[in-house]
Participant: 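Here you go, one structure.
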Amino acid sequence: MAADILLAFGLVLILEGLVYVLAPSLVEHLLAALRDMPHETRRKLGAVSAVLGLVLVYCAKVLGA
């Protein structure tokens with residue numbers, strides 16, 4: 001269980017790091033777009049992302065990860 005959590009955090013850090021390495025200007029544009037977005041829209045986006053993450057984790061577990 002602890003190994004799975006460490007693996008998940010490691011994968012998240014790799015993906016986020018790659019975004020900053022490969023497209024730093026895109027990150028700036030995304031942050032500006034988020035800043036202009038209403039709080040409620042950001043909450044909904046966060047909730048959808050969390051649910052999608054849970055679905056992906058569930059699918060990975062079903063597939064034997």
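Just so you know, these numbers come straight off a predicted model, no measurement behind them.
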Participant: Applying side chain to side chain donor-acceptor pair (under 3.5 Å), which residue pairs with at least one partner in residues 49-61 are found, sequence neighbours left out?
Facilitator: Asp4-Lys61
Participant: Which value, rounded to the nearest 0.5 Å, describes the distance between Leu31 atom CG and Leu26 atom CG?
Facilitator: 9.5 Å
Participant: Between CZ of Arg35 and CZ of Arg42, what distance do you get to the nearest 0.5 Å?
Facilitator: 9.5 Å
Participant: Atom OG1 in Thr41, atom CG in Asp36: separation rounded to 0.5 Å?
Facilitator: 11.5 Å
Participant: How long is the straight-line distance from CG of Leu11 back to CD of Glu16, given to the nearest 0.5 Å?
Facilitator: 12.0 Å
Participant: Once you round to the nearest 0.5 Å, how far does CG of Leu52 lie from CG of Leu56?
Facilitator: 4.5 Å
